[in-house]
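Report on the following structure.
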Amino acid sequence: MANAKTLPTMAVAEEPVINYPSPLKEFWLGFSHNKGAVAGLAFICLIVICALFAPWLAPYSPIEQFRDHLLTPPSWAQGGSSAFLLGTDEVGRDILSRLIHGARLSLLIGLSSVVMSLVPGILMGLLAAFFPRWIGQGIMRLMDIMMALPSLLLAVAIMAILGPGLINAMIAIAVVSLPAYVRLTRASAMTELNKDYVTASRVAGAGLFRLMLITVLPNCMAPLIVHATMSFSSAILEIAALGFLGMGVQPPTPEWGTMLASARDYIESAWWVVTLPGLTILLSVLAINLMGDGLRDALDPKLKRAA
Amino acid sequence: MFSFLLRRIGVLIPTFLGITLLTFTLIRLIPGDPIEVMVGERSLSPTLHAAAMKRLGLDQPIATQYMNYLGQLLHGNLGTSLKTQENVWVEFKTLFPATLELALAALAFATIVGLLAGIIAAIKRGSIFDHGVMTISLTGFSMPIFWWGLILIMLFSVLLGWTPVSGRLDLAFDVQPQTGFMLIDAWRAELADPSLNAGAFKDAVKHLILPAIVLGTIPLAVIARMTRSSMLEVLREDYVRTARAKGLSPARVIFVHTLRNALIPVLTVIGLQVGTLMGGAVLTETIFSWPGIGKWLIDAIGRRDYPVVQNGILLVASLVILTNFIVDILYGIANPRIRHAK
Amino acid sequence: MTTTQTPLLNIKNLSVEFGSVGNPFRAVEGLDLTVQQGEIVGIVGESGSGKSVTMMAMMGLLEGQGRIVADDLTFDGKNLLTISGRDRRKIVGKDIAMIFQDPMTSLNPSYTVGYQIMEVLKVHQGLRGAALQARALELMELVEIPAAKTRLHAYPHQLSGGMSQRVMIAVALACNPKLLIADEPTTALDVTIQAQIMDLLVNLQKERNMALIMITHDLAVISEVAHRVAVMYAGQVVEIGKVPNLFRHPTHPYTEALLASIPEHSKGARRLSTLPGIVPGQYDRPKGCLLSPRCLYATEHCHQERPGMTQHDTGAVRCFYPLVDKEAV
Ligand SMILES: Nc1ncnc2c1ncn2[C@@H]1O[C@H](COP(=O)(O)OP(=O)(O)OP(=O)(O)O)[C@@H](O)[C@H]1O
Ligand code: SF4
Ligand SMILES: [Mg+2]
């Protein structure tokens, strides 16, 4: 495939030698050009470190209740205690510890639901592109139906069937984000299928699986990677929303959204209980989206030139 | 145009059937015996159980059950709520205007602000304003809206006392639901009985503002970003260069030659926001105790009121499909190339 | 020579830069060009040589993209360098009009052809109502569009490329411009249509005695219709001259190579002797003469210094060693 692409230029003998940067370096140049994307990446690294080393970084256990310190304000606020940097919640748990441990859950659920929808999504999308008639039509109609339901509502409905819980939340979110992957894969695979290099490798006798996974798929990866980033961030939002509605991860597990479920009662009395978990969610999601924007600009040559 | 319509309708019907199949299976996927699921804790004698199965048609083959379900739907029978014993359609009908009012207000807010911000950002590309719009809209796009609602309540209701915390209208007013749209009903009530209901309209507006902003935040971000990128794309088109080469004023180039073509994809995106709005309504209505269908569905799920869950979801999905259908048609009208396609 | 007469368009030492101030890219450099009333001037050159950028700079279409510097940029007695945007828009589209390479994308897909013609008439001539309709129809007929009346209500996607280009010409001619710029008007069209459009343009030019700048890759056509031709290479005019002379006795090595690449002009063995290599881009511009890496006649001097323009009796050339016509010697 690579040979087929480079052949025509080799015929021009006097092509001036320009040192093109390696793809990885070029990608990094494009990516690091975008300051927001780099900031996003840095914040994500911070969250990942929190998640990996939560037991060592967090000052307390996320579920330990300090009965003498209910609703302690953050250390810098009036009445705060330096023992609880970000204060405590209504049953005296340290909010900072809960946030740090919460990073584990959010990343875990986000990552697994992305994988759980990415893999079947790509396979279904490729099938739909390679067999556009019956299988393709069937798959696409199914996806249309799933798209017709607002994703949060579909997730809520699935949770209603499966019941609340960590694994179920992952499944619900994976199901909800499936259609976008299928559509995206199908669309880019269809464009690739019309190109000469695919025909060439068909003529060369490549089998169906080779054609699908080795010839076509790598050329569809750029939009898929970008979309995976974006759907990772919406997965985090959706878990939090499910947690907030009381249908996601159940207390006392320190999940960011679940931490907000009872927060409405403290709007008037304890702003930190309301503010901090949500701010963490917002910043994480924003960071991922910033990175996704940078990824898209760096991976999509068409947009890159326009920028 | 006619064949275009026919083709769209041809896609609409199987999608709708698919949704009914989905809601039909949904209930059957719940682990456990459907009757037991419905009656909850109470235990039934086997004879009562069998009678209930027969009454609900659950003893028949699954295909027949589905056909029966479809038949009922065609007769407009959407079942009865287990809790209130009220017809699901009647409940939906009374609650829907509240959601519609909220969603329309949110969409109006999102569209007006989003379009303006997107257009100006595109025209002033690379300026501070442009960067500001892009940053704010990405933040809005990343917003956990249930938290955003809480923050706004904390700020405007608790701290500043400008807006009420929840509901659609202060209980002091005596407003009869006629249209179901609180703004209109309050307006009419105020006119009818100025002594009792003075200020009812203003109060209704105050109740609506925060939920509308919260629900409109994500659509606003999406619309602003889409408008900007679509404008930038069209501004690079050859025909915009032609327009400038004709010596047209910048305003004419933007509003006549750029905006119209740039708005076509934005229109689709606005249409797609209906889904986001319905999903967001679930959260927004929960935070603001807004008596609409979002809160209704969540409450129904919470107390396992399955007929409501099943057909409520069916209704919401149909709504989304229908709006997308209408957007498709509008898209065709706005774009001559599609309208004239054979 | 024609220098005694004030030219309609006078460009002196025009440069256009893109990119950041720290890292600029000169798309056009030190360009001189004059156009007399009623004259056809051809501009030829490889892709990327700056032909379109020159014209767009002159029309003010690069606003906010390119930085423009010139010693003089005068059209019809008006200084286009210092003119306000408002005043420029009174000239552009009215006295100077331009048609572009790809007619299919140059018309706005959302409006009817009639609307797009009438728009110029409304803006520049204030025509309204029946007079407007009549004039639009007249223009459609002028550019030989069959069934003009019904076509007024057609959308661009319903027209063929040739028809669209005719519409573009109608738009351009709507206000009787003094100068028409045709930027590769036939490149995107079928071969059979190309000749028709070219004939139409030349006939219209003769009829109205307007000046015409014809940008093209097609040397054969330009040698038939143009009075003078400018040859551009990498943002510079390398040779400019009157028509039969320039084609018969090219004095610049690049012109010679260009002519050699078209069959009618190459004789015998020289048929295939085109220049190797490509036009230098942003990063690989040589220090000396821009053509030096590809030039068959380049010397050490050429690699070190850039040549300026040298006048001779039928034109000017940018070369240290202009070719002398072998037959004349
Ligand atoms: N808006 C712009 N920004 C940056 N560079 C530009 C811009 N417009 C043109 N250029 C560059 O200026 C150079 C000259 O382009 P121009 O379009 O004038 O070439 P041309 O001679 O008209 O070629 P063609 O025959 O392909 O039309 C090219 O290298 C092009 O990349
Ligand atoms: S100056 Fe030298 S390199 Fe340049 S065109 Fe003339 S002979 Fe060739
Ligand atoms: Mg050009």
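Note on naming: letters A, B, ... go to the chains in the order of the sequence lines (proteins, then strands), and numbering restarts at 1 for each one. Just so you know, these numbers come straight off a predicted model, no measurement behind them.
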Inset, instruction - Please flag which part of A:W271 lies under 4.5 Å from any non-hydrogen atom of chain B: side chain, backbone, both or neither. - result: both
Inset, instruction - Inspect the surroundings of CD1 in B:I128 and state if more than 12 heavy atoms from other residues, nucleotides or ligands are less than 6.0 Å away. - result: no
Inset, instruction - Determine whether more than 12 heavy atoms belonging to other residues, nucleotides or ligands lie under 6.0 Å from atom CH2 of A:W134. - result: no
Inset, instruction - Let me know if A:L279 has heavy atoms under 4.5 Å from chain B in its side chain, its backbone, both or neither. - result: both
Inset, instruction - Please lay out, stage by stage, how B:M278 and A:L153 fare under the test side chain to side chain contact (heavy atoms under 4.5 Å, CB included). - result: CA-CA 8 Å; B:M278 294 313 297; A:L153 206 59; 5.6 Å; no
Legend entry - For the student: nearest non-hydrogen atoms of A:G278 and B:P144, plus distance: O-CG, 4.0 Å
Legend entry - B:E237 CD: over 12 foreign heavy atoms closer than 6.0 Å: yes
Legend entry - B:L150 side, atom CG; A:Y266 side, atom OH - distance, nearest 0.5 Å: 13.0 Å
Inset, instruction - Write down the atom of B:G279, the atom of A:L152, and the distance for their closest heavy-atom approach. - result: O-CD2, 3.4 Å
Inset, instruction - Please report the closest heavy-atom contact between A:N289 and B:F141, naming both atoms and the distance. - result: ND2-CD2, 3.6 Å
Legend entry - A:L290 side, atom CG; B:T139 side, atom OG1 - distance, nearest 0.5 Å: 7.5 Å
Legend entry - Options A:T275, A:I288, A:L283, ranked by heavy-atom pairs under 4.5 Å with chain B, top entry: A:T275
Inset, instruction - Heavy-atom pairs under 4.5 Å with chain A are the metric here; pick the option from B:V309, B:I287, B:T286 that has the most. - result: B:I287
Inset, instruction - Test B:R225 against A:D293 for side chain to side chain contact (heavy atoms under 4.5 Å, CB included), laying out the working first. - result: CA-CA 12 Å; B:R225 281 167 70 90; A:D293 264 10; 3.2 Å; yes
Inset, instruction - Among B:V316, B:V282, B:V274, B:L277, find the one that has a side-chain contact (heavy atoms from CB on, under 4.5 Å) with A:P150. - result: B:V316
Legend entry - B:I313 versus A:A157, closest heavy-atom pair with distance: CD1-CB, 3.4 Å
Inset, instruction - Go through the steps to decide whether A:M247 and B:I301 satisfy the test side chain to side chain contact (heavy atoms under 4.5 Å, CB included), and finish with yes or no. - result: CA-CA 10 Å; A:M247 294 177 177; B:I301 288 172; 3.5 Å; yes
Inset, instruction - Determine the option with the most heavy-atom pairs under 4.5 angstrom with chain B, choosing from A:L245, A:I281, A:D144. - result: A:L245
Legend entry - Between OG1 on residue B:T15 and CE on residue A:M147, distance to nearest 0.5 Å: 12.0 Å
Inset, instruction - Among the options B:V320, B:L138, B:L232, B:V158, pick out the one with the most heavy-atom pairs lying under 4.5 Å from chain A. - result: B:L138
Inset, instruction - Identify the heavy atoms of A:I145 and B:I19 that sit nearest to each other, and give their distance. - result: CG2-CD1, 3.5 Å
Legend entry - Any donor-acceptor pair under 3.5 Å from B:W147 side chain to A:P277 backbone: no
